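A quick write-up on the structure given underneath.
Being a predicted model, the structure only gives us computed values, none of them experimental. One-based numbering, in listed order, for ligands and for the atoms of each.
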Amino acid sequence: MLRQYELVDRVLDYDPDADEAMLNRAYVFSVNAHGTQKRASGDPYFSHPIEVAGILTELHLDDETIATAILHDTVEDTVATPEEIERIFGANVARLVDGVTKLSKIEAQTENERAAENLRKFLLAMSGDIRVLLVKLADRLHNMRTLHYIPKPEKRRRIARETMDIYAPLAERIGMYEFMKEMQTLAFQQLEPEAYESITRRLEQLKDGSDGDRIAKIGSGLKLLLARAGVDAEVSGREKHPYSIWRKMQERHISFEQLSDIMAFRAIVPTVEDCYRALGVIHRRWPMVPGRFKDYISTPKRNGYRSLHTSVIHAENRRIEIQLRTPEMHAEAEFGLAAHWAYKQSVPATGGATRRTAQAAAQPGAQAGWIADLVEILDTAATPEELLEHTRIAMYQDRIFAFTPKGELIQLPKGATPIDFAYAVHTDLGNQAVGAKINGRVVPLSTVIENGDQVQVLRSKAQVPQPAWLNLAITAKALAAIRRHLRNEERDQSVALGRKLYDDIVQRLPATLAANALDEALKRLKLPDEAALMQAIARRTLGDAQVMEALMPGSAGADLADAPPQSSAISIQGLAPGVAYELAECCHPVPGDRIVGLRRPDASIEVHAIDCPVLAALAERSEEETDWIDVQWGNKTEGAVARISVEVRNEPGALGMLATVIGQHKANIINLRLDNRDTQFHTNTIDVEVHDAHQLMRLLAALRAAEAVNAAERI
Ligand code: MN
């Protein structure tokens with residue numbers, strides 16, 4: 001384990017301005033906080049954060065990152081609190097430690113491969129400051145290095161799987177190829193022990209062939225060749241790492257022997273021009289393998305990687321791969337953006353303090369692609385949010401990630417509520433949601449979920465989707481499910497209403513219905529099923545007479561004769577005989593209302609209630625233009641249609657109840673419309689046929705007294 005002074009010296013070595021006192025405080029704090037905790041290896045626990053910090057010194061990271069690494073497990077695993085960290089180490093370190101702690105909480109919660117991509121995105125989104133991610137990756141790397149101490153094989157495999165699926169790809173994505181390779185090698189060893197053994201054995205044999213170390217020989221030959229051509233190259237050779245060989249063997253279904261380019265060589269040359277010159281020399285000396293040449297200098301990879309790659313057929317018909325790059329490209333390739341970051345954030349050394357990575361990266365010339373952009377942003381971004389906004393991490397800016405109690409990761413758009421969450425988990429869970437707990441606390445369903453929240457949806461079998469949810473949900477899935485349910489519910493209600501009206505119609509028939517009369521009626525009416533008929537009746541798209549006629553041909557005539565048309569049931573006094581009149585649609589006057597007639601341009605009379613707002617508006621306009629006629633209800637008047645508005649709680653059966661109450665008061669529903677479905681209540685506008693205003697008042701009173709009714713008014 002690194003001693004305190006060793007660690008601090010390492011940092012001071014590349015950054016003389018580092019806050020030495022803070023690093024010392026962090027070291028002592030971590031040792032004290034972890035106390036006698038032990039690792040599986042038997043080492044004291046604090047050796048782990050110290051080693052993680054050590055890994056990060058190799059990347060020449062700043063003092064805050066190193067302190068964060070030293071402290072990264074204290075909040076999660078000891079009694080230390082975030083407040084304490086902030087007080088002793090400042091807001092920046094506290095924020096970084098908090099970031100790493102959050103990432104650790106979700107570690108190991110995801111076990112299936114499908115969720116891995118989600119988790120990777122989540123980690124990126126959560127790591128608003130890229131330094132959080134670097135600490136997390138170094139943490140994972142050290143855990144992988146010490147994985148073999150963990151006694152339980154299942155646990156080792158789970159951690160290895162997670163590393164392979166999540167952390168190695170993350171390291172690759174931010175250009176940390178060395179981290180990626182080491183993680184993959186260690187995970188591969190755990191997951192495929194036999195394949196790992198056999199591949200490493202073959203690689204050993206290859207290296208120590210009969211003619212000594214092949215790789216060293218080929219490497220020095222290459223260096224000599226380039227030197228003769230005037231290119232000063234630093235050549236290193238290596239065999240591919242076991243996992244990448246394994247992957248190739250799997251992808252191409254070939255054996256180890258068939259694998260051509262197990263040996264790879266890298267020549268680091270001073271300038272870009274030297275890269276191309278060296279390439280020419282190599283291609284003249286050995287035949288190139290067609291299709292293997294890649295110019296990542298003129299066209300860098302998406303992550304900014306630059307180099308020339310080629311494969312040639314070397315002696316003994318053995319293919320070798322050669323990469324050509326400048327020292328700057330090399331620094332990028334090895335440590336990705338960390339190299340650049342270390343370079344950019346350290347001030348030019350006075351007095352010759354050296355920064356290997358920094359110097360390697362300090363070549364003039366444009367840095368490729370997004371790495372350069374990121375370095376720029378890291379320099380200028382004032383806040384982590386601003387940083388997020390500009391980096392490719394921003395890809396996931398509009399998403400949030402939340403967890404089920406079982407640890408399953410749910411991806412949602414920003415602004416999503418527990419309703420969205422519930423539907424994202426399962427439609428049934430959404431339909432039955434009655435409440436939610438976020439991070440253990442009961443919250444309203446309107447609460448906006450934040451990144452990393454753990455959401456527990458409280459459900460009840462008695463619950464059904466509420467119209468109000470349409471205002472809470474933002475995901476298409478939730479909205480569609482809620483609307484579908486409301487549509488079905490509305491259909492159920494109108495079928496129920498239609499059935500009541502149907503029963504009334506059947507009562508009015510002159511004889512008892514035959515058993516197959518309904519089926520026959522459906523055929524006559526060309527309706528698919530009973531429900532469609534009931535809906536048509538409820539919506540008044542089918543008149544009573546039509547239904548009667550369909551059920552029992554010839555019956556409607558009798559009924560119509562019994563019930564004379566409405567106009568003859570109403571008589572108005574005060575009009576000249578033969579003058580046409582109509583009850584106004586705006587106020588629906590009923591007998592008992594004080595009424596007034598209004599002559600229309602065609603000389604017909606429109607009968608209004610005296611307090612009708614339409615009349616008031618007309619009166620205001622001009623007295624001369626309106627032609628009033630004083631009228632009263634005739635004695636023989638039997639009824640008229642009134643329009644009422646009834647606000648009922650949105651619950652099953654509410655509409656049926658309405659129909660029952662209206663029926664009990666001997667009023668007829670003529671028309672019914674549902675409005676305002678978006679709230680807890682919905683408003684029904686109903687046209688009812690009543691004898692007079694008294695009957696209407698009694699009906700309204702009875703409606704108001706009904707359980708589910710909130711308000712009932714005449715319009
Ligand atoms: Mn750790």
| field | Distance (rounded to the nearest 0.5 Å) between L445 CG and L458 CG | value |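 Here the rounded value is 8.5 Å.
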| query | Under a 4.5 Å cut-off applied to non-hydrogen side-chain atoms, are H34 and H48 in contact? | reply |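 No, too far: nothing below the 4.5 Å cut-off.
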| How about T417 and S446: do any of their side-chain heavy atoms sit closer than 4.5 Å? |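 No; the side chains remain at least 4.5 Å from each other.
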| task | Report yes or no: does H72 contribute a side-chain atom to a donor-acceptor pair with the main-chain N or O of A69 at less than 3.5 Å? | result |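 Between the backbone of A69 and the side chain of H72 there is a qualifying donor-acceptor contact (under 3.5 Å).
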| field | N/O donor-acceptor pair under 3.5 Å between Q184 side chain and H241 backbone | value | no
| field | Single hit among I85, T101, L134, T68 for side-chain contact (heavy atoms from CB on, under 4.5 Å) with L96 | value |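 Single pass found, and it is T68.
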| request: Below 2.8 Å of the Mn ion (ligand 1), tally up the protein N/O/S atoms for me. | output: 4
